[in-house]
There are 2 protein chains.
Amino acid sequence: MNEFTRLDAIVKRIAESTVRRLSIYLRFLEEFEVRGSTTVSSEELARRGGTTSAQVRKDLSFFGSFGKRGLGYSVPELSTALREILGLGREWRVVIIGAGKIGAALAQYRGFRQRGFNILAVYDSNPEKVGRTLEGIEIRDMSRFESDVERERPEIAVIAIPGEGAQEVLDRIVRTGIKAVLNFAPVQLHAPADVTVKAVNMAMELEGLSFALSNRD
Amino acid sequence: MNEFTRLDAIVKRIAESTVRRLSIYLRFLEEFEVRGSTTVSSEELARRGGTTSAQVRKDLSFFGSFGKRGLGYSVPELSTALREILGLGREWRVVIIGAGKIGAALAQYRGFRQRGFNILAVYDSNPEKVGRTLEGIEIRDMSRFESDVERERPEIAVIAIPGEGAQEVLDRIVRTGIKAVLNFAPVQLHAPADVTVKAVNMAMELEGLSFALSNRD
DNA sequence: ACATGTGAACTGCTTCACAGCG
DNA sequence: CGCTGTGAAGCAGTTCACATGT
């Protein structure tokens with residue numbers, strides 16, 4: 001074991017690509033857990049994750065020494081470690097803004113709660129929708145947003161509205177002190193450096209495909 | 001003008017990050033077009049896109065010289081050039097596999113067709129759904145998939161089914177000769193190198209947020 | 001003997017800085 | 001003079017290769 005056994009002792013900035021791969025490794029480990037495998041090598045994780053064994057070992061090495069030389073990694077131990085690293089050992093409180101198609105799809109997405117993301121409420125300004133529920137989750141009027149956040153202290157906000165109002169909504173979110181935002185609106189948003197904004201942008205991925213199709217030899 | 005005036009003459013491999021930024025620039029240019037602005041500087045594009053002016057100029061330089069020194073870029077000229085580069089000057093035929101919540105949301109997403117992505121059909125194996133329509137788009141039985149593709153020649157396939165069956169469906173897609181796939185299933189998929197697979201993975205983005213929240217000083 | 005953990009080398013993206021041109 | 005276009009420098013992420021521990 002090296003000096004990083006305490007996970008909170010991490011100092012260096014971890015690359016986004018590393019974090020993404022950790023998610024992928026964890027997904028495989030959970031498959032292995034179900035199947036009852038006990039150990040796994042960096043080589044095997046690499047093959048499944050579409051990367052190299054050196055990359056797997058390097059990614060893990062930022063956080064500690066989890067393997068046994070000559071043997072590999074214990075599946076349950078590494079799963080636990082990765083869940084801890086990714087902050088999945090606890091519950092996160094989530095609010096969704098926008099009860100349209102995307103918001104509704106998210107509200108009923110099972111994998112959400114499964115991984116510890118607890119949806120407190122969905123917000124919308126359409127009076128037609130306010131008061132209804134989506135899979136048992138209340139649709140509340142957007143005017144209540146700030147006061148609700150103060151009381152319920154969600155850590156994560158999801159923007160699921162069309163592009164036009166998105167920056168304005170983000171500004172409101174930022175003002176409440178929420179530090180993590182998942183954006184489904186197909187626009188580039190700006191937030192202070194201490195607020196993490198991740199985007200899920202289908203339009204951009206499609207254009208990436210269009211580019212790839214147009215530029216093959 | 002440099003030697004790359006013919007866009008199809010591009011040789012060097014373009015980074016994915018560059019292509020993403022081109023999408024972003026194009027989105028702003030379209031806003032400028034609407035507002036009737038005639039020229040724009042790399043500095044302005046950078047500010048809006050959350051990057052640097054040098055980055056903007058470098059990104060564009062891979063494809064040609066589109067600006068005027070001392071002046072900036074002509075909004076309509078650069079828009080046209082970017083649309084051409086991204087392959088958005090034509091229509092792409094798209095099929096969606098999976099008529100569940102995501103598939104349905106995609107089928108009725110207006111931005112899809114707006115950018116030239118023409119959805120031919122949605123496929124599902126559930127007999128309850130087959131035969132219905134989503135926003136005028138037919139839901140067809142998955143058993144017809146291969147023969148339909150042969151006839152209608154879609155260029156892009158969208159995977160909108162749960163994780164379990166996704167690799168199998170991708171294998172079927174690949175066998176038909178389709179070379180571009182957008183994957184919404186929350187699993188890592190494997191395809192031959194000549195097939196471009198882009199993933200929209202909300203679960204992974206959420207875990208990235210969880211990590212960010214857990215690792216702030 | 002075998003697979004990890006990790007400095008060192010490498011690759012490639014980003015930033016710098018300035019020449020070139022309108 | 002201002003802003004582009006671009007080699008060169010800088011930096012970050014990936015891959016290599018091997019010493020290390022079991």
Side-chain angles (χ1 to χ4, degrees), chain A residues 1-5 7 9-25 29 32 37-75 77-78 81-82 85 208, chain B residues 1-5 7 9-22 24-25 29 32 37-75 77-78 81-82 85 208 211:
Chain A
M1 285 230 180
N2 70 15
E3 77 262 43
F4 288 136
T5 303
L7 295 175
I10 300 143
V11 185
K12 240 192 299 173
R13 174 128 202 81
I14 302 296
E16 194 177 306
S17 50
T18 295
V19 178
R20 295 180 95 82
R21 283 191 299 267
L22 294 180
S23 284
I24 295 174
Y25 304 154
L29 286 166
F32 286 134
S37 314
T38 55
T39 57
V40 65
S41 64
S42 58
E43 183 54 44
E44 194 159 2
L45 281 172
R47 197 160 353 98
R48 303 243 180 176
T51 181
T52 66
S53 62
Q55 182 75 78
V56 172
R57 295 196 301 276
K58 182 64 91 181
D59 287 338
L60 296 176
S61 76
F62 295 129
F63 301 95
S65 303
F66 305 105
K68 296 194 195 348
R69 289 165 200 250
L71 246 165
Y73 301 89
S74 149
V75 171
E77 275 175 31
L78 188 56
L82 285 181
I85 291 166
Chain B
M1 284 230 180
N2 69 18
E3 77 261 42
F4 288 135
T5 303
L7 296 174
I10 300 142
V11 185
K12 239 193 299 174
R13 175 134 198 77
I14 302 298
E16 195 177 305
S17 49
T18 295
V19 179
R20 296 180 95 81
R21 283 191 300 268
L22 295 180
I24 295 174
Y25 306 152
L29 287 166
F32 286 133
S37 314
T38 54
T39 57
V40 65
S41 64
S42 58
E43 182 55 43
E44 193 159 3
L45 280 172
R47 197 162 352 99
R48 304 242 181 176
T51 182
T52 65
S53 62
Q55 181 76 78
V56 172
R57 295 197 299 278
K58 183 63 91 180
D59 286 340
L60 297 176
S61 78
F62 294 129
F63 301 95
S65 304
F66 305 105
K68 296 195 198 340
R69 289 163 200 250
L71 245 167
Y73 301 88
S74 149
V75 170
E77 275 177 30
L78 188 54
L82 285 181
I85 291 166
F211 177 83

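Owing to the predicted nature of the structure, the values given are computational and were not obtained by experimental measurement. Every chain is numbered from 1 and lettered A, B, ... according to where its sequence line falls, protein lines coming before strand lines.
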K.L.:
Return the value, rounded to whole Å, for the distance between atom CD of B/E43 and atom C1' of D/dC1.
P.N.:
17 Å
K.L.:
Quick one: pull up OG in A/S23 and CZ in A/R20 and give me the separation to the nearest 0.5 Å.
P.N.:
8.5 Å
K.L.:
Closer than 4.0 Å, any side-chain N/O of A/R13 to the OP1 or OP2 of D/dG13?
P.N.:
no
K.L.:
When you measure from the side chain of B/S17, which nucleotide among D/dT4, D/dT14, C/dC13 comes out closest?
P.N.:
C/dC13
K.L.:
Could you check how far CZ of A/R20 sits from P of D/dT14, rounded to whole Å?
P.N.:
12 Å
K.L.:
Within this structure, what is the CD-to-P distance between B/E77 and D/dT4, rounded to whole angstrom?
P.N.:
14 Å
K.L.:
Does D/dG2 have OP1 or OP2 sitting under 4.0 Å from an N or O in the side chain of B/Y73?
P.N.:
no
K.L.:
Can you check the B/E16 CD to C/dC13 P distance for me, whole Å?
P.N.:
11 Å
K.L.:
Hey, could you give me the CD1/CG distance between B/I85 and B/L60, rounded to the nearest 0.5 Å?
P.N.:
7.0 Å
K.L.:
Would one find a side-chain N or O of B/S42 under 4.0 angstrom from OP1 or OP2 of D/dT4?
P.N.:
yes
K.L.:
Using a 4.5 Å cut-off on heavy atoms from C-beta on, say whether the side chain of B/Y73 contacts that of B/L29.
P.N.:
no
K.L.:
Taking atom P of C/dC2 as reference, at what distance in whole Å does atom CD of A/E44 sit?
P.N.:
17 Å
K.L.:
Atom OH in B/Y25, atom OG1 in B/T18: separation rounded to 0.5 Å?
P.N.:
7.5 Å
K.L.:
Pairs of donor and acceptor atoms involving the side chains of residues 43-56 of chain A, under 3.5 Å and at least two apart or interchain, shall be tabulated with distances.
P.N.:
residue: A/T52; atom: OG1; partner: A/Q55; partner atom: N; Å: 3.2
residue: A/S53; atom: OG; partner: A/R57; partner atom: NH1; Å: 3.3
residue: A/Q55; atom: NE2; partner: A/D59; partner atom: OD1; Å: 3.2

K.L.:
Between A/I14 (CD1) and D/dT14 (C1'), how many Å, whole number?
P.N.:
15 Å
K.L.:
Holding to side chain to side chain contact (heavy atoms under 4.5 Å, CB included), I want the full list of residues that pass it with A/S17, two or more places apart in sequence or in another chain.
P.N.:
A/A15, A/R21
K.L.:
Quick check on contacts: within residues 47-60 of chain A, what sits under 4.0 Å from DNA chain D by heavy-atom distance?
P.N.:
A/T52, A/A54, A/Q55, A/R57, A/K58
K.L.:
Tabulated below should be each protein N or O lying under 3.5 Å from an N or O of nucleotides 20-22 of chain C; please produce it.
P.N.:
residue: C/dG20; atom: N3; partner: B/R69; partner atom: NH1; Å: 3.0

K.L.:
Would you kindly give the CZ-to-C1' distance between A/F66 and D/dG21, to the nearest whole Å?
P.N.:
17 Å
K.L.:
What nucleotide, of C/dC13, C/dT14, D/dG13, holds the atom closest to the side chain of B/A15?
P.N.:
C/dC13
K.L.:
Counting C-beta onward and ignoring hydrogens, is there a side-chain heavy-atom pair between B/F66 and B/L82 closer than 4.5 Å?
P.N.:
no
